[in-house]
Structure formats: C-alpha cells, structure tokens
Amino acid sequence: MKTVSTNNSHGGVQGVYSHASATCNCEMTFSVFVPPQAESNPCPVLYYLSGLTCTHANVMEKGEYRAVAAKRGIIVVCPDTSPRGDDVVNEDAYFFGSGAGFYVDATEEPFAKHYNMYSYVTQELPTLIGDNFNADMDRQSIFGHSMGGHGALTIALKNPDQYKSVSAFAPICAPSGTEWGSNAFSKYLGDESTWRAYDSVSLIEDGNRLGDILVDQGTGDEFLESGLRPQLLEAACAEANIPLTLRMQDGYDHSYYFISSFMADHIAWHAERL
C-alpha cells in the first residue's frame, strides 16, 4: 500500500492510498479518514460507496463527514467506483465501464478480469484496512449514494454478519428494471437470471434479510422515477417485515448538496449500531 497524501483534519488524518489489487488486477485508489480516537483505541469502520462517474475524491471533498466521524470515533473508508487504467476495458458512457462498476463481480468477457468490485469491497479492501489502520474489524457498517446506495444495500443483504448497519442516499433500488442497471448487468453478468443477486428488491424477495435500513431520497431528484424508485424497496421491505426508514426530503436533488445535508444523520445512525 502506498500513501498518496495525508492531511490533518478535525484532530484526525484524512489519507489517500493506492495499491496493486489482486481482485481487480489493476492499481486501485481509496481514501481513509482516521479519527483522533484511533491513536489509543481500535475504531469501527464505515464504508462509503460512491455513485456513477465518481471516484473516492467526490465524497472526500464534498461529503462533509469528517467532523461528525471525528466526534463519533469512526474510521470512514471511501473506495473508487471501478477499476481504472490503460489495460482496463472501458466504454464511452457515464453509466458503464470506468466509474460505473456497479459493485458486482463480472462474469462476462472482457470485463471479468477487472470488474470485481463486490469482492474488492467485501474482502480485499477490509483486509487492507485491518492490516494498516487501528480498526476494529468486528464493527463494520456500509452506506452509499445512488449506484453506491445500490451497492451498499446489496452487499449488506448478502453479508448480514459482516455489517452492523446499512443506509443509503437516493439508491438505485431495483437496478434490473432500469436503463442503467440492465445495460451494466447484461454486459457484466450476462444472462438475466443472474441479475437478482445484485438487485436489492430481488434479494429481499428471495429471502435475504437484515436488521433495519435508513434511506434518504430527495423529492426534486431528476432520477427519482426513472432510475431510483424507492417505492419498490419500501414495498419489498414491508412484505418482508424489514424495518425501513424512508425519508422523502422535500426539494432536494441528486447532488452532494443533498448528501452533505444529511451526512451527519447517517453517521449518527451507524454510530448507534456500531
């Protein structure tokens, strides 16, 4: 692991790191905020998964999470959204390829070699965090935005023993039925029968369970009906008796102005469960 940069912030350290990933077969970059409490005690870990077109830097620069994470004593880890590099197959579309890994393990060529973000987030990255930071790996939680909200929900549903809690900002709740999801899944995963393993609503319908979920969604979000559709998640959770707190935030859009407005609420939610 290489250190790209470190900056003092709110008594802790905001760092950016890179490493040669055996899972994605390329150089991967991620950020870690370590709160001041980690100088003396292992701290719980909260992973933030970003959305389409983003890298680790978007939330690091716009998310406004460090003050509350420092107060609560939580390590915040922000991975990239996809593999990158000259050898990584890409397409000239914002919703596929570089910046759009969809947190799946691709099975179709030519994507299977690199696009393995599910295993990267759930296995390789936690090992790096546990080995290099004063982290309590028995206390992990996950959240994310848009495509990253989809990733956080599916990862938590498939690994309920690994994550203590999950939340999301404007998640893609049922990607199989959207242009974004069907385009990505057909190329990464192939046959439509395999898509259910990476679709939150389908996972709940198929019996996956977790404790409770917090979702914030802006009513002014341009993608609300075409890509996000929180009502489908609400219905699936109601049918499965999964406690869902869905907060429709009046007038908020899909941007980091929305995310940063409710970031403290989400970190407090996770802190209570961690």
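One-based numbering along the sequence shown.
At most 12 non-hydrogen atoms from other residues, nucleotides or ligands lie less than 6.0 angstrom from CD of Glu179. Few gaps surround CD on Glu91; more than 12 heavy atoms of other groups in view lie less than 6.0 Å from it. At most 12 non-hydrogen atoms from other residues, nucleotides or ligands lie less than 6.0 angstrom from NZ of Lys71. The 12-atom threshold is not exceeded at NZ of Lys113, counting heavy atoms of other residues, nucleotides or ligands nearer than 6.0 Å. Remark: Asp87 CG is loosely packed, at most 12 non-hydrogen atoms of other residues, nucleotides or ligands lying under 6.0 Å away. Within 6.0 Å of the CD atom in Glu239, the count of heavy atoms belonging to other residues, nucleotides or ligands does not exceed 12. Atom OH of Tyr94 has more than 12 heavy atoms from other residues, nucleotides or ligands within 6.0 Å.
Both Leu274 and Val76 sit in one connected hydrophobic cluster of ILVMFWY residues. Membership requires side-chain heavy atoms under 4.5 Å apart, directly or through other members.
We find the OG1-CG distance between Thr194 and Leu189 to be 4.5 Å, quoted to the nearest 0.5 Å.
Remark: aromatic rings of Phe111 and Phe96 are close, center separation under 6.0 Å. If you look at Phe223 and Trp180, their ring centroids are closer than 6.0 Å. For Phe262 and Tyr252, the ring centers are positioned less than 6.0 Å apart.
Donor-acceptor pairing under 3.5 Å is lacking for the side chains of Asn58 and Tyr48. Side chains of Asp253 and Ser255: a donor-acceptor N/O pair is present below 3.5 angstrom, by distance only. Counting only N and O atoms by type, the side chains of Thr23 and Gln123 include no donor and acceptor under 3.5 Å apart. A side-chain donor-acceptor contact under 3.5 Å links Asp105 and Ser119.
Between the side chain of Gln37 and the backbone N or O of Ala70 there is at least one donor-acceptor pair closer than 3.5 Å.
Annotation: cation-pi geometry satisfied between Lys158 and Tyr118 (NZ/CZ under 6.0 angstrom from ring centroid, within 45° of ring axis).
Put simply, the side chain of Gln162 reaches to within 4.5 Å of the side chain of Pro126, judged on heavy atoms. Considering only heavy atoms from C-beta on, Ile142 comes within 4.5 Å of Val121 through its side chain. Tyr115 is not listed as a side-chain neighbour of Phe102, based on a closest heavy-atom distance of 4.5 Å or more. Contact annotation: the side chain of Pro35 approaches that of Ile75 to within less than 4.5 Å [non-hydrogen atoms, C-beta and beyond]. With contacts defined as side-chain heavy-atom distances shorter than 4.5 Å, the pair Ser182/Trp195 qualifies. When side chains are defined from C-beta on, Phe143 counts as touching Met263, because their heavy atoms get closer than 4.5 Å. A heavy-atom distance below 4.5 Å is not found between the side chains of Arg209 and Pro160. Side-chain contact between Ser202 and Asn208: absent, with no pair of heavy atoms (C-beta onward) separated by less than 4.5 Å.
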Take Val34 and Asn134, measure what side chain to side chain contact (heavy atoms under 4.5 Å, CB included) needs, and give me the verdict at the end.
CA-CA 8 Å; Val34 179; Asn134 194 14; over 6 Å; no
Set out, in order, the CA-CA distance, both residues' side-chain angles and the distance that settles side chain to side chain contact (heavy atoms under 4.5 Å, CB included) for Ser176 and Glu192, then state yes or no.
CA-CA 8 Å; Ser176 299; Glu192 191 169 345; 5.8 Å; no
Set out, in order, the CA-CA distance, both residues' side-chain angles and the distance that settles side chain to side chain contact (heavy atoms under 4.5 Å, CB included) for Gln140 and Val77, then state yes or no.
CA-CA 10 Å; Gln140 300 180 78; Val77 179; over 6 Å; no
For a side chain to side chain contact (heavy atoms under 4.5 Å, CB included) check, start with the C-alpha distance between Met28 and Met117, then their side-chain angles and the critical distance, and finish with the verdict.
CA-CA 11 Å; Met28 294 293 289; Met117 291 301 296; 3.8 Å; yes
Given side chain to side chain donor-acceptor pair (under 3.5 Å), test Asn7 with Ser9 step by step and report yes or no.
CA-CA 6 Å; Asn7 296 93; Ser9 181; over 6 Å; no
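Relative ring orientation between Phe185 and Tyr198 is described as tilted, the plane-to-plane angle lying within the 30° to 60° band. Between His19 and Phe30, the angle of the ring planes goes over 60°, which puts this pair in the perpendicular group of the 30/60° scheme.
For the pair Thr81 and Gly51, the tightest heavy-atom approach, listed with the atom from each and the gap, is CG2-O, 3.5 Å. Taking every heavy atom of both residues into account, Leu52 and Ala100 meet most closely at CD2-CB, 3.5 Å. When all heavy atoms of Glu124 and Ala22 are compared, the closest pair comes out as OE2-N, 3.0 Å. In terms of heavy atoms, Cys173 sits closest to Leu233 at SG-CB, 3.8 Å. Nearest approach of Thr29 to Ser18, heavy atoms of both residues: OG1-CB, 3.9 Å. Here the closest heavy-atom approach between residue Ser82 and residue Gly99 is recorded as OG-N, 2.7 Å.
For Arg273, the salt bridge (charged side-chain N to carboxylate O under 4.0 Å, His left out) partners are Asp212, not counting sequence neighbours. Applying the salt bridge (charged side-chain N to carboxylate O under 4.0 Å, His left out) test to Glu27 and every residue at least two apart in sequence or in another chain returns Lys2.
The only option from His10, His266, Gln14 that meets the side-chain hydrogen bond (donor to acceptor under 3.5 Å, both in side chains) definition with Tyr65 turns out to be Gln14.
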